[in-house]
Asker: 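Attaching a single structure in structure tokens format; questions to follow.
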Amino acid sequence: MKKLFIRILLVFSAFVIIYLGALTLLLILGHVNKLPNAKYKVGGYGYTLLRLDEAKKVKELDVLILGSSHVYRAFDTRILEKHGFKSFNYGTSAQPPYVTYFLLRDFLKREKPKHIVMDLYWSMLQKTGVEAGVDIISNSEINETAIDIARESDDIMLYNTLLISYIRQLYKPISTDEQKDFKNDQYVQNGFVESFIKQNADDSLKLASLKKITFKPADIQVNSVKKIVKLCKENNIDLTFVVTPVTREKKETVLNYNEYSRFINQLAQENNIRLIDYNQRPDLELNSQTDFYDASHLNQSGVVKFNKVFINDFIKLYNGKLANSDK
Amino acid sequence: MLFNSFEFLLFFPTVVGLYFLLPYRFRWLLLLVASYTFYMFWRVDYAIILVISTLIDYTCGIMMDRYPEEERERRKPWLWLSLLSNLGILFTFKYYNFFNGAASDLADLMGVSYAAPAFELLLPMGISFYTFQTMSYSIDVYYGRIKAEKHLGIFALFVTFFPQLVAGPIERAGNLLGQLRQKHDFDYDRVTSGLKLMAWGLFKKVVVADRLAPMVNTVYNNPTEYEGIPLITATVFFAFQIYCDFSGYSDMAIGAARVMGFDLMENFRRPYFSKSIKEFWGRWHISLSTWFRDYLYIPLGGNRVVKWRWYYNIFVVFLVSGFWHGANWTFLVWGALHGIYQVFGEVTKDQRNGLAKRFGLTKASSMESILQMVTTFTVVCLAWVFFRANTIGDAWYISTHMFTGLEESVRTIVFNIEGLREEWLILGRSTIFFALGILAIMVLLVIDWFREKNMNISLEVLPSSIRVFAYGAVIAFILLFGRFDETEFIYFQF
């Protein structure tokens with residue numbers, strides 16, 4: 001048996017050398033993304049590199065906004081600031097609640113906002129979160145959060161991203177990386193990304209033929225939402241759940257939207273959190289062609305309309321809370 | 001628990017380590033606990049079905065053994081009890097809804113009202129495998145081929161032995177029961193041979209089968225959006241997906257058992273090198289095909305009957321085999337097709353041999369062999385269409401549109417390189433994903449070909465220091481190119 005153990009140890013050592021060697025070589029040659037089980041995207045679409053860097057410096061925050069690209073393209077921090085709320089948009093590409101939890105846990109070590117607004121987009125509640133994990137790990141230093149994100153997802157791709165990121169940061173620190181520019185987008189301070197596209201790229205035919213889905217939440221995401229609620233309560237932070245608006249056609253792709261709606265309402269009620277679903281607000285009139293740049297994301301025209309309604313809601317909630325605290 | 005899961009990576013070395021460290025008399029208990037743990041990782045409550053099945057067959061075996069072989073009539077009620085309870089479990093969980101649906105459709109057709117409720121039961125993992133294994137035990141005891149197992153623990157282990165519990169090979173009591181009583185000492189060569197077989201099985205599953213699966217699913221879940229080359233490509237990919245998925249599982253099962261000193265039966269012998277459908281069934285899912293041969297085909301009379309009856313026996317066996325795979329018309333048609341292939345092969349045997357002679361193919365034996373292999377693979381693929389399609393309607397569409405639109409596809413490939421890329425992307429993945437699928441199939445075929453020709457391609461020929469790096473490279477390759485999202489094995493559903 002001793003011979004077997006030695007043999008296994010030798011094979012394992014050879015494997016580690018070959019594995020790390022292959023990743024390093026492919027990284028240097030710029031071909032690492034061609035591996036089916038490895039993804040590494042630094043400074044890419046979504047502006048996570050800038051956002052994560054800026055998040056480290058934010059101080060005296062009123063509102064922290066969390067969620068996917070729906071969020072960082074919808075909540076305009078400039079509009080909130082005009083109304084007296086200092087906010088930071090901490091949305092990142094395809095961010096599901098399990099990633100949100102680790103980002104928030106890390107954020108709260110430095111800064112405690114008064115309010116948190118968290119998006120509960122159906123797709124994020126049923127995703128595994130690999131895409132978001134790759135985005136965060138690639139664009140941040142290798143720290144406890146990055147390791148926890150990889151470990152929680154238990155996906156080989158995230159472990160590989162973690163290794164690649166670690167190897168790369170040995171010779172090129174993340175602080176020296178630069179964000180790429182994208183012609184139709186602009187990163188605005190405090191996490192918001194403004195889109196310059198005025199007309200929806202998806203025509204009515206494409207919108208009408210979007211893939212239908214049935215909402216089915218994933219345990220990992222539901223449990224993470226509960227952990228986020230607990231974290232907010234422990235830190236005495238006021239939490240609000242929202243569903244950011246999408247085109248009517250996109251909403252209709254969810255065959256069981258009522259079930260989804262019931263599910264998130266129950267999740268909010270059980271935890272005594274308020275919930276606003278902006279896909280079910282008749283006073284928010286959004287045009288699929290002129291207020292969105294694709295089926296899911298608002299353009300600036302839509303952002304202005306949406307933020308007007310959101311700010312009204314938020315001020316009411318905020319004043320209500322102030323009134324309650326005065327009593 | 002899946003063989004390709006992180007849990008198994010911890011579970012298996014722990015069980016093997018304890019197995020060799022424990023005194024011999026406690027090993028059966030360890031394996032029994034491990035086997036139930038393995039099963040209950042999937043679902044705890046369904047282990048009760050295993051317990052019920054074990055207790056019934058154990059009792060029936062003991063009761064049959066009380067009567068001498070000459071008094072078979074007195075054994076019969078216990079055999080019936082065993083068969084009916086196993087088939088009853090199988091019917092309840094697997095076939096009730098199918099028959100209920102068929103009865104409802106028939107009633108609708110006749111204008112009669114029919115309202116029996118459907119069961120919303122999850123099919124217990126591996127139910128078709130372990131019920132067939134225990135039924136073969138009861139039949140063998142009945143015919144006096146084996147003695148009934150007196151030790152309930154050993155018998156329970158025979159039913160649940162974790163390497164082959166959920167997807168076979170379907171073992172015979174004559175082979176496995178005796179081994180469960182033997183003392184297996186640690187044997188370095190045996191352990192490393194088992195580990196290598198497990199690694200090869202893992203390669204087939206995560207690098208080949210799971211890489212091909214998304215492309216197959218894209219086409220087969222929306223077949224009407226395709227015609228011509230994508231339908232052919234997806235069907236050929238499925239042929240390799242199912243082979244690697246199932247034979248990969250069998251390799252891992254046989255390898256895991258071998259590590260602990262047990263020899264399980266061979267389940268696949270490079271089936272796509274078969275030169276006839278008959279040969280294909282001698283190489284594909286051997287433990288099931290020999291089960292049907294021994295417990296259905298021969299009792300029906302086999303080939304020792306008049307010709308028409310022989311053909312009937314063949315057809316019935318394949319029809320039942322199709323139904324074993326799933327309670328769906330698609331599996332029935334798949335089984336029926338193989339039955340027709342076999343009967344057609346027997347009926348036309350002389351004519352085909354005559355034709356081969358006439359065209360001089362028998363002189364060029366390698367040419368004849370290649371032609372036979374290609375023909376066999378083609379008809380097997382045509383049958384796979386029904387096996388994989390979600391409905392009979394989809395299968396019919398695919399079968400009738402595989403060879404249409406080819407001219408347009410060829411024109412695109414020849415004259416338009418962007419079009420070629422689209423042809424590839426049409427399977428729902430990137431060019432590199434598609435190319436990896438093709439590469440994986442080629443690696444598999446080359447290795448299988450060497451084995452078929454009994455050529456030694458083992459890494460054992462390399463010097464020890466290089467061999468260590470070669471094994472390390474194989475593991476690295478599997479981790480970098482395999483898919484590890486814990487996709488279940490196709491045959492778990494059966």
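What you see below is based on every heavy atom in this structure, not just the backbone, and it leaves out hydrogens, waters and symmetry mates.
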Asker: Please look at B/F186 and chain A and tell me whether the side chain, the backbone, both or neither of the residue comes under 4.5 angstrom of a heavy atom of that chain.
Answerer: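 Just its side chain gets close to chain A.
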
Asker: Calculate, to the nearest 0.5 Å, the distance between atoms CD1 and CZ belonging to A/I18 and B/F477 respectively.
Answerer: 13.0 Å

Asker: Apply side chain to side chain contact (heavy atoms under 4.5 Å, CB included) to residues A/F12 and B/I475 and explain how you reach the verdict.
Answerer: CA-CA 9 Å; A/F12 183 73; B/I475 301 170; over 6 Å; no

Asker: Of the options B/L195, B/V468, B/T192, which is the one that meets A/R7 in a side chain to side chain contact (heavy atoms under 4.5 Å, CB included)?
Answerer: B/V468

Asker: Measure the spacing between CG of A/D154 and CD of B/E7 and express it to the nearest 0.5 Å.
Answerer: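 A/D154 CG to B/E7 CD: 7.5 Å, rounded to 0.5 Å.
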
Asker: Kindly compute the distance separating OH (B/Y188) from NZ (A/K2), expressed to the nearest 0.5 Å.
Answerer: 13.5 Å

Asker: Return yes when atom CZ of B/F11 has more than 12 non-hydrogen atoms of other residues, nucleotides or ligands closer than 6.0 Å, and no otherwise.
Answerer: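 Buried by this count: over 12 neighbours within 6.0 Å.
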
Asker: Quick check on B/L480 against chain A: is it the side chain, the backbone, both or neither that has a heavy atom closer than 4.5 Å?
Answerer: both

Asker: What is the distance from atom NZ of A/K211 to atom CG of B/N222, rounded to the nearest 0.5 Å?
Answerer: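 These two atoms lie 8.0 Å from each other.
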
Asker: Checking heavy atoms, do the side chain of A/I156, its backbone, both or neither come under 4.5 Å from chain B?
Answerer: side chain

Asker: Under the side chain to side chain contact (heavy atoms under 4.5 Å, CB included) criterion, do B/F469 and A/V11 qualify, and how do the steps go?
Answerer: CA-CA 7 Å; B/F469 277 92; A/V11 170; over 6 Å; no

Asker: Does A/K39 have more than 12 heavy atoms from other residues, nucleotides or ligands lying within 6.0 Å of its NZ?
Answerer: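 Counting other residues, nucleotides and ligands, NZ of A/K39 exceeds 12 neighbours.
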
Asker: Step through the shown structure and confirm whether more than 12 heavy atoms of other residues, nucleotides or ligands are within 6.0 Å of CD on B/Q179.
Answerer: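 Yes.
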
Asker: Does a sphere of radius 6.0 Å around NZ in A/K172 hold more than 12 heavy atoms from other residues, nucleotides or ligands, not counting ones at 6.0 Å or beyond?
Answerer: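 More than 12 within 6.0 Å, yes.
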
Asker: Distance from A/I8 atom CD1 to B/Y471 atom OH, nearest 0.5 Å?
Answerer: 12.5 Å

Asker: Please check if atom OH in A/Y171 has more than 12 non-hydrogen atoms from other residues, nucleotides or ligands closer than 6.0 Å.
Answerer: yes

Asker: To the nearest 0.5 Å, what is the distance between CG (A/N37) and CD1 (B/I478)?
Answerer: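 It is 11.5 Å, given to the nearest 0.5 Å.
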
